There are 2 protein chains.
Amino acid sequence: MGKDQFRLSGFLPYRLAVLSERVSHRLSIEYGKIRGLSVAEWRVLVHLSRQGAISVKDIHDCVNLEKSRVSRAVSRLEAAGLVEKVPGETDGRLVEISLTVAGETALSDILPAARAYEDKLCARISRQDMDTFCRVMEQIHSVLDDDPEAKRRSRMDLQRPDIERRSAGSLPSGDPSL
Amino acid sequence: MGKDQFRLSGFLPYRLAVLSERVSHRLSIEYGKIRGLSVAEWRVLVHLSRQGAISVKDIHDCVNLEKSRVSRAVSRLEAAGLVEKVPGETDGRLVEISLTVAGETALSDILPAARAYEDKLCARISRQDMDTFCRVMEQIHSVLDDDPEAKRRSRMDLQRPDIERRSAGSLPSGDPSL
DNA sequence: TGACTTTCGTTGCAATCGCAACGATAAAAG
DNA sequence: CTTTTATCGTTGCGATTGCAACGAAAGTCA
């Protein structure tokens, strides 16, 4: 009978969703303050700040956004003058996307706010706890990586976050210790 | 200069969003296998399994879903015959929502799968690491709780998850013992 | 009782999303 | 060179979402 009593509040996927949604929503206010940027647009902008000219596919592969979502985000950014889209040079299919000056300006307006809010979120968390937190996230990811039914995750996110100094390792290869 | 080099892959809000989205998406496949349930419908069903008859507002308050989202989810569930909606008794505004037998059946089909997948996700994570993980999530939440611009979080999620036996404590407010 | 305010659930609307299909281009096969 | 296959970006479509506005139904206060 009551033995079951499934607790949504204790269900990990639910908890992740609630936290993530809350953080994203709050952060989107921060973006919106500067410009009317959506999350997708923000991700595109940030990625462009690291790579010079790049294609839709590249962005799609790197920031966990659907092809069409990237395409539309880029269109909006172009309409806003923050991004420039050139019809590809060597390959006629590709589109070369790059930041305009206005785009760089907008980015430099938003980046500090984003960083600041991240810092605020983490302020009370010890270095060690954050390391553990990231390691656990990685472990959950690795389960999904092994699950053929799960969505693949982007290339960029597989590289060592290098935020956590050492640790990091510990792949399904076997190292237990638990 | 290259000094800046903002790394999206290391940005906490981004990492949370990617992980959460990935988990949710994979889990929604699990729901869909049994019935064509969306996340919202799943949350409503689960919450109903704990409370008898309840209003839209109550669900809204408890499972982090917009009022309208709950309303529509309930409508779909009603159309699917998993839920019953009675026009309130003492209070004419309220609607009393309750599980039908079919709803209970569907739930008992899905719950084991959901639990199993959660277990799979956590299988390699030590008890201690999971405690830390949950504690960090709580700390992030508490920053948002103090931020007037952030969305409020639902009542239910504030209660002690009580899944982790000891630990848990260590909140900024100081109240220990639980 | 009657006028004002609040609460509850639904709905209109515009915006967004994911998915699949499409045309265009390039690469591979023959 | 021609045909077939694969890749890239866009778009059409249906579905979903959040937000605000709405009407209905209490609750409040004089």
Side-chain angles (χ1 to χ4, degrees), chain A residues 17-18 20-22 24-29 31-32 36-44 53-80 83-98 149-152 154, chain B residues 17-18 20-22 24-26 28-29 31-32 36-44 53-80 83-98 149-152:
Chain A
V18 170
S20 158
E21 194 182 309
R22 219 173 160 213
S24 285
H25 181 269
R26 177 58 184 82
L27 209 57
S28 78
I29 295 179
Y31 304 153
L37 289 185
S38 75
V39 173
E41 288 153 1
W42 150 261
R43 289 193 192 174
V44 170
I54 202 139
S55 71
V56 169
K57 177 71 156 49
D58 282 314
I59 302 178
H60 160 66
D61 282 340
C62 291
V63 299
N64 270 294
L65 290 175
E66 279 300 314
K67 237 185 355 175
S68 60
R69 227 175 138 190
V70 174
S71 176
R72 295 192 234 248
V74 168
S75 295
R76 283 182 298 233
L77 287 172
E78 189 189 23
V83 144
E84 204 180 17
K85 210 163 43 168
V86 176
E89 299 181 11
T90 78
D91 191 330
R93 297 168 298 181
L94 295 172
V95 177
E96 289 184 2
I97 303 160
S98 55
E149 299 208 65
K151 260 187 191 165
R152 298 302 88 194
S154 18
Chain B
V18 170
S20 159
E21 194 182 308
R22 217 171 163 215
S24 285
H25 182 268
R26 176 59 184 82
S28 79
I29 295 180
Y31 304 153
L37 290 185
S38 74
V39 172
E41 288 153 3
W42 150 261
R43 288 194 194 174
V44 170
I54 203 142
S55 71
V56 168
K57 176 70 157 47
D58 282 315
I59 302 177
H60 160 65
D61 282 340
C62 290
V63 299
N64 271 295
L65 290 175
E66 279 300 314
K67 237 183 357 172
S68 60
R69 224 173 140 193
V70 173
S71 176
R72 295 191 235 249
V74 168
S75 295
R76 282 182 300 234
L77 287 172
E78 188 189 23
V83 144
E84 205 180 15
K85 209 163 43 166
V86 177
E89 299 181 9
T90 77
D91 191 331
R93 297 168 299 180
L94 296 172
V95 178
E96 289 184 2
I97 303 162
S98 55
E149 299 207 64
K151 260 186 190 166
R152 298 302 88 194

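Model, not experiment: these values are computed from the prediction.
- Taking atom CZ of residue B/Arg76 and atom P of nucleotide D/dA15, one finds them 11 Å apart after rounding to whole Å.
- We find the NE2-CD distance between B/His25 and A/Glu149 to be 10.5 Å, quoted to the nearest 0.5 Å.
- Between the CG atom of B/Leu37 and the P atom of D/dT16 there is a distance of 12 Å, given to the nearest Å.
- For the atom pair B/His60 NE2 and B/Leu65 CG, the distance stands at 9.0 Å (nearest 0.5 Å).
- Considering all non-hydrogen atoms of both residues, B/Lys151 and A/Arg22 come closest at O-NE, 2.8 Å.
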Less than 3.5 Å apart, which donor and acceptor atoms pair up between the side chains of residues 69-78 of chain B and the rest of the protein, not counting sequence neighbours?
unit_1  : atom_1 : unit_2  : atom_2 : d
B/Ser75 : OG     : B/Ser71 : O      : 3.0
B/Arg76 : NE     : B/Glu41 : OE2    : 2.6

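- Partners of A/Lys57 according to the salt bridge (Lys or Arg N to Asp or Glu O under 4.0 Å) rule, which considers only residues two or more places apart in sequence or in another chain, are A/Asp61.
- Using a 4.0 Å cut-off on heavy atoms, the residues of residues 57-66 of chain A that approach DNA chain C are A/Glu66, listed by number.
- Direction of the helix axis in the helix from C/dT1-D/dA30 to C/dG30-D/dC1 shifts by 10° between the two five-pair termini, rounded to 10°.
- Atoms CZ and OH, from B/Arg26 and B/Tyr31 in turn, are 11.0 Å apart once rounded to the nearest 0.5 Å.
- Where DNA chain C meets chain A (any atom under 4.0 Å from a heavy atom), the bounding nucleotides read 5' to 3' are C/dT16 to C/dA26.
- Under the 4.5 Å side-chain criterion, counting only non-hydrogen atoms from C-beta, B/Arg43 is in contact with B/Asn64.
- Expressed to the nearest 0.5 Å, how far CG of B/Asp58 lies from CD1 of B/Ile97 amounts to 9.0 Å.
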Could you list the protein-to-nucleotides 22-25 of chain D atom pairs, N/O on both sides, closer than 3.5 Å?
unit_1 : atom_1 : unit_2  : atom_2 : d
D/dA25 : O3'    : B/Gly92 : N      : 3.3

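- Counting any heavy atom pair closer than 4.0 Å across all strands shown, A/Ser55 reaches sugar-phosphate atoms only and no base atom.
- Looking at every heavy atom in both residues, A/Ser20 comes nearest to B/Ser20 through CB-CB, 3.7 Å.
- In this structure, CZ of B/Arg72 is placed 9 Å from P of D/dG18, rounded to the nearest angstrom.
- For the pair B/Ser75 and A/Ala40, both in contact range of DNA chain C, the more 5′-proximal nearest nucleotide belongs to B/Ser75.
- In B/Glu96, the CD atom is crowded: over 12 heavy atoms of neighbouring residues, nucleotides or ligands sit closer than 6.0 Å.
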